[in-house]
Amino acid sequence: MENTNYITAACTIAPNTAIINNSVYLTDEPGTAFNDFLKTLYKHGQIAYPKYYKMDSLCKLAFLTSELLLQNNPITKKYQPEEIAIVVSNSASSLEVDTAHQATITDAENYFPSPSLFVYTLPNILVGEIAIRNCIKGENTFFIFDKFDAEFMSGYVNLLLNDNKCQCCIAGWVEYFESNCYACLYVVEKQPQATSIAHTKENLNTLIK
Amino acid sequence: MKPTTYILADNIISPLGFTTSENFERLCHMETGVTYLPESHLYPTGLYAGIIAEQKIEERFRALNAAEPYTRLEKLAILSINNLLESCAEIDIRSKKTIIVLSTTKGNIDLLDPNSPTEVDKNRVHLWQAANAIGRFFNNLVRPLVVSNACISGVLAIITAKRLLEAGMYETAIVVGVDILTPFVVSGFKAFKAVSEQIARPYDADRDGISLGEACGSVALTINKQLIDNQTPIKVSGGASSNDANHISGPSRTGDGLLLAINKTLADAGVAAADVDYISGHGTATVFNDEMESLAVYDAGLAHVPMNSLKSYFGHTLGAAGVLEAIVGLQSMRANTLVGTYNFSKYGMSREVNILRQTQHQQVNNCLKTAAGFGGCNAAVFFEKVNPIS
């Protein structure tokens, strides 16, 4: 029999708006540059993490989303590091920083590839950043889809939980490429909490636009 | 009862050949595919790398009479899947029960270069678009799945496919791992000072970095017993991934992340460390990776198990590596032959593990394939021979 699992917390960061569990956490004036909004969120969330400043934009977005998410549901106090999985997806992989790295090598007269840029040219680095910050050691996978695939993601995360590959999973969508900047990460657990909703394709489609 | 995932067919395309058996024969003779490339479009100075001759790809691809233009990466994937399908008529690629799982780190990243001449839509730089193009060639009806998780992508794609099959979502999965040599990748690893000035020397005391390479590996997995031939049935009996939560561009010093992936994999397969016959290591030939791996293997109680690295044959082929090296592991089981580690002479890790120097014949009933990558990720998968299916 299929077990029901639960979304026990969710955080979305979209242009000018951050939402935690259906409630607006912070908004900024329309037209605010996305990176400026991220800076505001970092300060507002009273996050002190020097490594943040080294990250590329995709990782910054993922990191901030995960911070707000886990401030709200401190799963690392409840589960062992290897019991927590991270399964994230997006459409553009790391193309934002890929384009920046490409620009350093296109012109032979102006050739200056940088290791600090190149290291971010893999989408799963953002999973690594979340794992390092929270000492999470479980299953980790990065999938690429044309758009968020609620059916696949709910199915795969349920499969991990129901098969005891993990006891808790951070999952979602983190996109940062050109004008498409949007992240939604959520926690899926086997037991419901007060504000939980069922971890279903339908609920994910409502959560992630 | 959950179904069992079996190996159905496979193919390797690398500088060493265009089929699994061509590649395996040359590996057994310890011939490397890594060569010295003088100043090229890849990098301003010379470098050692494993590169596939363009002409060989073009010749073979032309014979397929494709209806639309494809990139170099897509051609490799299509040729590889095509060879796999030719070797196994039982696979119905047009079935809704057959999914393609693409493992790649950088896909068509060469399309980002404004100077790259191509007839292909530059939007195919999106990995999902490249995957769709490959699926389209075969008239595959299922949207392909893309796994892009640094250098564990290939192993992870096999594990993911196994899970989807055993959950009953599909009957057959074709896992294709592919990455190509590009100025993008070479410049990045060079900037990292991670590239050796010689052919990579995995596990050797004088190792000083990776060799890069390009390749494609495809392996078909199925839960339908009827499709399996009776020669040497092999099952995928366990797999797991982990993160060492240590550093985005360096492995944990203790090997605890890889140890976790190995232990979870053996538990998933229901086997003990004493049962393992062979380890196909990651062995990139960087100082830190190989040291980390030896600690994890030692701590897992696998120090005695024959282990090799294929990175000095193919170079590091990134998203292809896990699939490619797993297929060599499968072939090693079928042939009861373990490939020696090319360019390994002086043992170079603090803990003693059993690195294969020469190719040797012995009974090989199973294979543990391991991988590690940027982002702190680790993965392992376990393959076992099963009694012929009646």
Side-chain angles (χ1 to χ4, degrees), chain A residues 51 54-55 59 81-82 85-86 89 91-95 98-99 101-106 108 111-147 149 152 155-156 158-160 162-163 165, chain B residues 2 44 102 104-107 109 112-115 125-129 131-132 143 145-153 156 159-160 163-164 166-167 169 183-194 240-249 256-257 260 264 268 373-377 379:
Chain A
K51 282 180 189 162
K54 290 186 182 178
M55 295 177 194
C59 284
E82 64 273 15
I86 308 177
S89 57
S91 166
S93 180
S94 53
L95 273 173
D98 290 354
T99 307
H101 174 68
Q102 179 64 43
T104 68
I105 61 167
T106 299
Y111 188 88
F112 59 100
S114 141
S116 54
L117 209 55
F118 183 68
V119 68
Y120 289 103
T121 63
L122 294 163
N124 65 295
I125 298 298
L126 72 84
V127 173
E129 295 283 16
I130 296 170
I132 291 166
R133 166 65 162 175
N134 300 287
C135 190
I136 291 171
K137 299 190 171 183
E139 290 277 341
N140 47 142
T141 308
F142 205 102
F143 293 113
I144 309 282
F145 300 110
D146 54 349
K147 55 184 191 298
D149 186 334
F152 179 87
Y156 191 69
N158 280 337
L159 188 159
L160 290 180
N162 296 346
D163 213 14
K165 304 293 182 199
Chain B
K2 253 202 305 187
L102 175 66
T104 186
T105 62
K106 297 316 305 167
I109 199 68
L112 266 193
D113 185 343
N115 305 319
V125 73
H126 286 268
L127 303 181
W128 59 271
Q129 290 219 16
N132 285 354
R143 189 213 39 202
L145 181 66
V146 181
V147 176
S148 189
N149 214 90
C151 304
I152 72 163
S153 300
L156 204 49
I159 299 169
T160 306
R163 289 175 180 162
L164 299 182
E166 291 176 10
M169 293 161 80
F184 185 102
V185 167
V186 174
S187 64
F189 280 99
K190 276 281 193 181
F192 243 98
K193 306 210 184 305
S241 67
S242 66
N243 199 291
D244 56 33
N246 180 66
H247 193 276
I248 53 166
S249 61
D256 63 332
L260 186 61
K264 279 187 169 182
D268 189 29
F374 276 4
C377 52

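Every chain is numbered from 1 and lettered A, B, ... according to where its sequence line falls, protein lines coming before strand lines. In what follows, every heavy atom counts, from backbone to side chain, and hydrogens, waters and symmetry copies are set aside.
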- Task: Apply side chain to side chain contact (heavy atoms under 4.5 Å, CB included) to the pair A/Gln102 and B/Ile109, showing each step before the final yes or no.
- Result: CA-CA 9 Å; A/Gln102 179 64 43; B/Ile109 199 68; 5.6 Å; no
- Stepwise, does the side chain to side chain contact (heavy atoms under 4.5 Å, CB included) test hold for A/Asp98 with B/Lys106? CA-CA 9 Å; A/Asp98 290 354; B/Lys106 297 316 305 167; 2.9 Å; yes
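With a 4.5 angstrom heavy-atom cutoff, B/Lys264 touches chain A only via side-chain atoms. For B/Leu112, the parts lying under 4.5 angstrom from a heavy atom of chain A are both the backbone and the side chain. Of the atoms belonging to B/Asp113, heavy atoms from both backbone and side chain fall under 4.5 Å from chain A. Neither the backbone nor the side chain of A/Thr104 comes within less than 4.5 Å of any heavy atom in chain B. Heavy atoms closer than 4.5 Å to chain B are found in the backbone of A/Ile136, but not in its side chain. Only the backbone of B/Asp244 comes within contact range of chain A, with at least one heavy atom under 4.5 Å from a heavy atom of that chain. Only the side chain of B/Asp268 has a heavy atom closer than 4.5 Å to any heavy atom of chain A. Contacts between A/Ile105 and chain B at a heavy-atom distance below 4.5 Å involve the side chain alone, from C-beta outward. The contact between B/Thr160 and chain A is made by backbone and side chain atoms together, counting heavy-atom distances below 4.5 Å. For A/Ile86, no part sits under 4.5 Å from any heavy atom of chain B, backbone or side chain. Interface remark: A/Ser114 contributes backbone atoms only to the contact with chain B (heavy atom separation under 4.5 Å). Residue B/Lys2 touches chain A through its side chain alone, counting heavy-atom pairs closer than 4.5 Å. At a 4.5 Å heavy-atom cutoff, the contact between A/Ser91 and chain B is made by backbone and side-chain atoms alike. With a 4.5 Å cut-off on non-hydrogen atoms, B/Pro183 touches chain A through its backbone and its side chain both. For chain B, the nearby part of A/Tyr120 is the side chain; its heavy atoms alone come within less than 4.5 Å. Looking at A/Asp149, the atoms closer than 4.5 Å to chain B (heavy atoms on both sides) all sit in the side chain, from C-beta outward.
Contact count against chain A (heavy-atom pairs under 4.5 Å) is highest for B/Ala245 among B/Gly257, B/Ala245, B/Pro44. No other option in B/Leu260, B/Val147, B/Leu145 has as many heavy-atom pairs under 4.5 Å with chain A as B/Leu145. Comparing B/Pro114, B/Gly107, B/Ala131 by how many heavy-atom pairs each has under 4.5 Å with chain A, the most go to B/Pro114. Of the listed residues (A/Leu160, A/Ile130, A/Asn134, A/Thr121), the one with the most heavy-atom contacts under 4.5 Å to chain B is A/Thr121. Counting heavy-atom pairs closer than 4.5 Å to chain B, the top-ranked of the candidates A/Val127, A/Leu126, A/Thr141 is A/Thr141. The most heavy-atom pairs under 4.5 Å with chain A, out of B/Gly376, B/Ala379, B/Ala240, come from B/Ala240. Between chain B and the options A/Leu117, A/Ile144, A/Leu159, the largest number of non-hydrogen pairs under 4.5 Å is found for A/Ile144.
Across B/Ser242 and A/Asn140, no two heavy atoms sit closer than the pair O-ND2, 2.9 Å. Closest non-hydrogen pair, A/His101 versus B/Ser187, comes out as NE2-OG, 3.1 Å. Among all heavy-atom pairs drawn from A/Ile125 and B/Gly375, the shortest one is CD1-N, 3.6 Å. The nearest pair of heavy atoms linking A/Pro115 to B/Ala191 is CG-O, 3.6 Å.
Note that the CZ atom of A/Phe142 and the SG atom of B/Cys377 stand 12.0 Å from one another [nearest 0.5 Å]. Note that NZ of A/Lys54 is 8.0 Å distant from CD1 of B/Ile248, once rounded to the nearest 0.5 Å. Here OG of B/Ser148 is found 11.5 Å from CZ of A/Phe143. Values are rounded to the nearest 0.5 Å. Rounding to the nearest 0.5 Å gives a distance of 9.0 Å between CG of B/Asn149 and CG of A/Leu122. To the nearest 0.5 Å, atoms CG (B/Asn243) and NZ (A/Lys137) are separated by 9.0 Å. Remark: B/Phe184 CZ to A/Phe118 CZ distance equals 6.0 Å, nearest 0.5 Å.
The shortest distance between side-chain heavy atoms of A/Asp163 and B/Glu166 does not fall below 4.5 Å. Considering only heavy atoms from C-beta on, B/Asn246 stays 4.5 Å or farther from A/Ile132 through its side chain. The closest side-chain heavy-atom distance from B/Val146 to A/Phe145 is not below 4.5 Å. Within the 4.5 Å cutoff, side-chain heavy atoms of B/Arg143 are placed close to those of A/Asp146. B/Ser241 is listed as a side-chain neighbour of A/Glu139, based on a closest heavy-atom distance under 4.5 Å.
Proximity of a side-chain donor or acceptor of A/Asn124 to a complementary backbone N or O of B/Ala150 within less than 3.5 Å is detected.
Scanning for salt bridge (charged side-chain N to carboxylate O under 4.0 Å, His left out) contacts around A/Lys147 gives an empty result, with sequence neighbours left out.
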